[in-house]
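I'd like to ask some things about the structure below.
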Amino acid sequence: MGCPLLDQMPSRSYDRGQTHVVEVDITDDMRGPSGAVHGGLIASLVDRAGAFAAHRASGCSVATSSVALNYLAAAEAGPLQASATMLRSGRRQGVVEVRVHDAGSGGVLVATALLTLSYRAEGGRP
């Protein structure tokens with residue numbers, strides 16, 4: 001997924017129309033004491049999906065500027081599916097919405113997020 005730590009997770013990445021989807025299989029070492037997936041892992045998944053959607057839409061390297069993340073339900077079964085949709089692509093920044101579902105629990109909505117990503121100078125915004 002572009003990061004050595006995240007690359008160790010069993011995952012898949014694909015496009016569904018204008019939406020970029022990242023799926024991660026849940027393993028026991030991703031669970032906290034309650035048996036649910038650790039929130040930090042969900043945050044990393046959100047960031048990865050959002051950054052790729054912004055990169056794909058802009059053609060530029062991106063850096064996350066801000067994240068507003070809401071946890072709505074425990075993720076327990078998996079795989080987790082993070083669907084990222086570009087809402088706006090400006091000259092210097094883009095805004096992406098990400099929704100995370102637990103596919104193995106009937107598609108329950110686990111988290112929603114809104115990310116602002118800055119386009120990196122070396123990529124140069126077209």
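One is the number of the first residue; the rest follow in order along the sequence.
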Side-chain touch E76/V37, heavy atoms, less than 4.5 angstrom: no
Between Q93 and S118, a side-chain donor and acceptor under 3.5 Å: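 Looking only at side-chain atoms, S118 and Q93 do form a donor-acceptor pair, the distance falling under 3.5 Å.
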Using the rule that two of Ile, Leu, Val, Met, Phe, Trp, Tyr join whenever any of their side-chain heavy atoms come within less than 4.5 Å, decide whether V21 and I26 are in one cluster.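 No: no chain of side-chain contacts under 4.5 Å links V21 to I26.
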Check whether any side-chain N or O of D102 sits under 3.5 Å from a backbone N or O of G107 as a donor-acceptor pair, and report yes or no. no
Can you find a pair of side-chain heavy atoms, one from H20 and one from R56, that are under 4.5 Å apart?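 Heavy-atom side-chain distance check passes, below 4.5 Å.
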Could you give the distance from CD (Q81) to CG (L109), rounded to the nearest 0.5 Å? 11.5 Å
Is the backbone of A103 close enough, under 3.5 Å, to the side chain of H101 for a donor and an acceptor to pair up by distance?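 No, because the side chain of H101 does not come within donor-acceptor range (under 3.5 Å) of the backbone of A103.
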Are F52 and L115 linked, directly or through intermediate hydrophobic residues, by side-chain heavy-atom contacts shorter than 4.5 Å (ILVMFWY only)?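 Result: no, two separate clusters.
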V46 side chain near L69 side chain, heavy-atom distance below 4.5 Å: yes
Closest non-hydrogen atom pair between A63 and R120, with its separation: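 Shortest heavy-atom contact: CB-CD, 3.8 Å.
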Report yes if the side chains of S83 and R16 come closer than 4.5 Å at any heavy-atom pair, otherwise no.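 A side-chain contact exists here, since the closest heavy-atom pair is under 4.5 Å.
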Inter-residue atom distance T64.OG1 - R48.CZ, 0.5 Å rounding: 11.5 Å
Could you check if a side-chain atom of L80 sits within less than 4.5 angstrom of a side-chain atom of I42, using non-hydrogen atoms only? yes
In terms of side-chain heavy atoms, does T85 have a donor or acceptor partner in R99 at a distance below 3.5 Å?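 Side-chain D/A pair, T85 to R99: absent.
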Looking only at side-chain N and O atoms, does S89 offer a donor or acceptor that is under 3.5 Å from a partner on Y119?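 Result is yes, a qualifying pair exists.
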Side-chain contact test, heavy atoms from C-beta onward, threshold under 4.5 Å: evaluate it for P79 versus V24 and give yes or no.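 SC-SC contact between P79 and V24 ruled out.
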For the pair L72 and V110, evaluate side-chain contact (heavy atoms from CB on, under 4.5 Å) and give the outcome as yes or no after the intermediate values. CA-CA 5 Å; L72 305 173; V110 171; over 6 Å; no
Donor on one side chain, acceptor on other, H55 and S61, under 3.5 Å: no
Answer with yes or no whether the hydrophobic clustering places L114 together with V67; edges join I, L, V, M, F, W, Y residues whose side-chain heavy atoms lie under 4.5 Å apart. no
Is the backbone N or O of A111 less than 3.5 Å from a side-chain atom of N70, with the two atoms forming a donor-acceptor pair by type?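 No.
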Could you pull out the closest heavy-atom pair between V96 and A53, with the gap in Å?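 Smallest heavy-atom distance, with atoms named: CG1-CB, 4.2 Å.
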If you define the side chain from C-beta out and look only at heavy atoms, does anything of S105 sit under 4.5 Å from V108? yes
Any idea which heavy atoms bring A43 and Y71 closest together, and the distance? CB-OH, 3.9 Å
Could you pull out the closest heavy-atom pair between G50 and L117, with the gap in Å? O-CD1, 3.9 Å
